[in-house]
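Remember, it's 1-based here, ligands and their atoms both numbered in the order they're listed. Note that the numbering runs from 1 along the sequence shown for the chain.
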Amino acid sequence: MVTIPNLSKKNTIPDQPASERVTGENLPRHLAIIMDGNGRWAKERNLSRIEGHRAGAESVRVIVRSCRKIGIPVLTLYAFSKENWQRPSREIQALWRLLSKYLKSELGEMMENSIRLNAIGDIQELPKRVHRLLVDTMEKTGANRDMILNLALSYSGRSEIVRAAQKLAVTCLAKELQPAEIDEVIFANNLYTADMPDPDLLIRTSGEQRISNFLLWQMAYTELYVSPVYWPDFREPELMEALADYQRRERRFGKTGEQKGKEV
Ligand code: FPP
């Protein structure tokens, strides 16, 4: 059971170095994470890549719990890209086993803490048993309201955009919509993330500085944070550092700093 602190706007999360205090004000409404470096973490320890993913699954547990505790309403984790299907089948099978284990072991905590699990991506491509478990978990947690945990599985940002275009084309062919009526709001409502805020912050671990086909539409104005730490070592202190860094930033959304200063 996670204890939820009552973070008021002025509250800070205790036990952090003063310079790195994260306040309850100005937290990301949507945090996206590219969990990278499981393989390198394992290699440095003479372990198999699968051991790296196992340690990575533990970081998933810790970070989901921390985000719920801090009060981040939407967390999206890039767990498996469409490109990842090219990996050795032994590694892919191990990832599905870890995902299944995670879904089974965390269901109770998701229910207790009102976390809704939502998968984004072509999940029908997953093995039947994993797909069923995923859909079952989404159904069971569907009424939970305090946090959304999006797992990107067999996900590709470009495919998501093409899928939205196809959905809109079908709607236009049915004469339910005119092509000229399609605007950014309508387009966004046809993405997997319809009704969710765009990510305010993207964290990528392991020092890599790429977006890797993740949430391409949604990241138009997302702040980027690259952590040098491999995902299995990315735990609450590293998350707090990323959030503290984010809270120091000035987001201008194309306006001048002076214009932003005048906004109430
Ligand atoms: C990237 O590291 C990581 C992945 C492709 C898989 C992420 C999976 C997990 C964190 C564990 C299972 C997931 C859940 C949701 C329980 P990499 O293998 O590309 O690392 P490398 O670049 O160092 O080789």
Side-chain angles (χ1 to χ4, degrees), residues 31-68 72 74-110 113 115-123 125-127 129-138 141 147-157 192 202-215 226-236 238-239 242:
L31 170 65
I33 305 183
I34 301 180
M35 311 182 286
D36 198 8
N38 294 353
R40 279 162 285 165
W41 181 93
K43 196 170 178 194
E44 282 185 4
R45 288 160 178 78
N46 283 322
L47 297 170
S48 69
R49 295 182 56 80
I50 292 168
E51 286 303 322
H53 293 314
R54 188 165 296 139
E58 194 46 42
S59 289
V60 171
R61 269 186 202 96
V62 169
I63 293 302
V64 170
R65 198 173 285 190
S66 299
C67 287
R68 175 65 184 88
I72 292 177
V74 185
L75 171 66
T76 302
L77 300 177
Y78 205 3
F80 194 87
S81 69
K82 268 196 185 292
E83 292 75 16
N84 287 151
W85 285 111
Q86 296 166 62
R87 292 194 174 200
S89 99
R90 221 177 128 251
E91 181 173 341
I92 296 174
Q93 298 316 313
L95 284 169
W96 300 142
R97 277 198 301 277
L98 286 169
L99 174 65
S100 302
K101 192 171 162 207
Y102 176 83
L103 294 173
K104 286 178 195 162
S105 69
E106 298 309 291
L107 177 65
E109 190 154 321
M110 287 188 228
N113 293 295
I115 299 173
R116 172 157 75 91
L117 182 92
N118 182 51
I120 64 171
D122 277 334
I123 60 164
E125 291 176 353
L126 272 55
R129 216 156 25 93
V130 185
H131 180 264
R132 257 200 310 273
L133 178 61
L134 202 52
V135 171
D136 187 52
T137 312
M138 285 195 275
T141 62
M147 177 178 166
I148 298 172
L149 169 59
N150 287 320
L151 290 184
L153 294 161
S154 194
Y155 176 86
S156 144
Y192 292 121
L202 168 74
I203 298 174
R204 182 167 189 151
T205 60
S206 88
E208 303 292 346
Q209 303 180 42
R210 287 187 294 279
I211 292 183
S212 298
N213 207 0
F214 191 36
L215 302 174
V226 173
S227 165
V229 170
Y230 295 143
W231 175 249
D233 287 332
F234 192 90
R235 301 291 166 94
E236 192 163 294
E238 288 74 22
L239 173 68

> Evaluate the ring planes of Y155 and F214, with Trp represented by its six-membered ring, and classify them as parallel (under 30°), tilted (30 to 60°) or perpendicular (over 60°).
perpendicular

> R68 pairs by side-chain contact (heavy atoms from CB on, under 4.5 Å) with which of M147, M110, E109?
M147

> F234: what forms a ring-ring contact (aromatic ring centres under 6.0 Å, His included) with it, not counting sequence neighbours?
W231

> What are the atom names and distances for all N or O pairs under 3.5 Å between ligand 1 and the protein?
residue, atom, partner, partner atom, Å
ligand 1, 2 (O), G37, N, 3.4
ligand 1, 2 (O), N38, N, 3.4
ligand 1, 18 (O), R49, NH2, 2.8
ligand 1, 18 (O), R87, NH1, 2.8
ligand 1, 19 (O), R87, NH2, 2.7
ligand 1, 20 (O), G37, N, 3.4
ligand 1, 20 (O), N38, N, 3.2
ligand 1, 20 (O), G39, N, 3.0
ligand 1, 22 (O), D36, OD1, 3.2
ligand 1, 22 (O), R40, NH2, 3.1
ligand 1, 23 (O), G39, N, 3.3
ligand 1, 23 (O), R40, N, 2.8
ligand 1, 23 (O), R40, NE, 2.8
ligand 1, 24 (O), R49, NH1, 3.0
ligand 1, 24 (O), R49, NH2, 3.2

> One thing to verify: whether R235 and E238 come together as a salt bridge, which I'm taking to mean a side-chain N less than 4.0 angstrom from a carboxylate O.
no

> Measure the spacing between SG of C67 and CD of E236 and express it to the nearest 0.5 Å.
9.0 Å

> Run the salt-bridge test on K82 and E125 with the 4.0 Å N-O cut-off and return the result as yes or no.
yes

